[in-house]
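Some notes on the structure that comes next.
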Amino acid sequence: MIFETLIIAFLMVVAIVLILLEIFMLPGITVAGVGGFIFAAGGLIYAYSVDTLAGNVTLAVSLLVFAATFVWLLRSKSFSRVALKTDVDSRLVSSRDLGIIPGDEGLTLSRLAPIGKARINGIMVEAKSMDELIDENTPVEVVRVDSNNIIVKRKINHNS
């Protein structure tokens, strides 16, 4: 009976460890999760084949150990070393907050097809062409400033 108990305990401990690894460390369905399920099923089947009482005790103890370990891992700082701790502290700046107004002039930094980069009033912004493709290094004039877009058109050179 001691040998059977050791086999059952081994199978259930491995199952619990693999399932907890699956939950806390390995996203998605991986070999650890499938292996944990197989070890748990094998351990329970083996326990019930030994005796119904042994199967019931194995099921109850395994569930208690799993639940206690799960709660302990959630509350402990064990995974704080491997957990993602990135805080996003930036905010989206509205185009209107940049101080750019219609009539301001700038230069395209990339091709506007119809959206690209431009430098207006010394600020690099994402600009949108009104109705045409505008090549890189082309002078542009701001037509309209929306909350998300700066609409520009090719600057007409009056010197010609």
Side-chain angles (χ1 to χ4, degrees), residues 10-46 58-160:
F10 172 77
L11 290 172
M12 298 313 290
V13 166
V14 170
I16 290 170
V17 168
L18 288 175
I19 292 171
L20 290 172
L21 270 174
E22 173 74 20
I23 292 171
F24 288 104
M25 302 288 287
L26 307 169
I29 298 175
T30 64
V31 176
V34 174
F37 177 76
I38 291 170
F39 272 90
L44 286 173
I45 290 170
Y46 187 71
T58 300
L59 181 60
V61 170
S62 298
L63 287 174
L64 285 173
V65 169
F66 175 78
T69 308
F70 184 83
V71 169
W72 176 75
L73 286 172
L74 282 179
R75 291 185 177 190
S76 75
K77 307 249 187 268
S78 301
F79 289 103
S80 65
R81 286 173 272 158
V82 294
L84 181 62
K85 296 180 222 167
T86 305
D87 291 333
V88 178
D89 58 356
S90 64
R91 65 178 188 92
L92 182 62
V93 177
S94 171
S95 297
R96 292 184 178 140
D97 295 339
L98 298 174
I100 297 173
I101 58 171
D104 286 348
E105 298 177 356
L107 189 69
T108 59
L109 300 174
S110 68
R111 184 173 188 209
L112 304 187
I115 295 178
K117 297 285 183 189
R119 185 175 310 279
I120 300 171
N121 294 343
I123 303 169
M124 186 171 73
V125 296
E126 190 171 272
K128 183 176 182 182
S129 171
M130 249 178 86
D131 54 9
E132 64 179 329
L133 302 179
I134 302 175
D135 288 326
E136 184 178 357
N137 294 322
T138 303
V140 291
E141 181 180 344
V142 176
V143 176
R144 187 174 74 238
V145 179
D146 294 338
S147 61
N148 298 324
N149 295 312
I150 297 176
I151 313 297
V152 297
K153 68 177 181 178
R154 187 184 312 266
K155 183 180 172 193
I156 300 172
N157 194 355
H158 294 292
N159 295 339
S160 317

* Is there side-chain contact between Glu105 and Val140, with heavy atoms separated by less than 4.5 Å? -> no
* To do: Applying side chain to side chain contact (heavy atoms under 4.5 Å, CB included), name anything that partners Ile23, two or more places apart in sequence or on another chain.
  => Ile19, Phe66, Phe70
* **Met130 CE to Glu141 CD distance, which is reported to the nearest 0.5 Å** => 10.5 Å
* To do: Walk me through it: do Ile100 and Val125 pass the test side-chain contact (heavy atoms from CB on, under 4.5 Å)?
  => CA-CA 10 Å; Ile100 297 173; Val125 296; 3.8 Å; yes
* Is the side chain of Ser129 donor-acceptor paired with the backbone N or O of Ile134 at a distance under 3.5 Å, no angle test? -> no
* Asked: By side chain to side chain contact (heavy atoms under 4.5 Å, CB included), which residues pair with Val65, not counting sequence neighbours?
  -> Ile16, Val61, Thr69
* Asked: Passes side-chain contact (heavy atoms from CB on, under 4.5 Å), Met124 versus Leu109? Steps please.
  -> CA-CA 8 Å; Met124 186 171 73; Leu109 300 174; 3.5 Å; yes
* Main-chain N/O of Thr138 paired with Thr108 side-chain donor or acceptor, under 3.5 Å -> yes
* To do: Report, as yes or no, whether the 6.0 Å neighbourhood of atom OH on Tyr46 holds more than 12 heavy atoms from other residues, nucleotides or ligands.
  => yes
* **Heavy-atom closest pair, residues Met12 and Ala40** => SD-O, 3.8 Å
* Under 3.5 Å donor-acceptor, Ser110 side chain and Gly116 backbone -> no
* For Ile150 and Lys128, run side-chain contact (heavy atoms from CB on, under 4.5 Å): C-alpha distance rounded to whole Å, both residues' side-chain angles, the deciding distance at 0.1 Å, then the answer. => CA-CA 6 Å; Ile150 297 176; Lys128 183 176 182 182; over 6 Å; no
* Counting only N and O atoms by type, is there a donor-acceptor contact under 3.5 Å from the side chain of Asp104 to the main-chain atoms of Ile101? -> yes
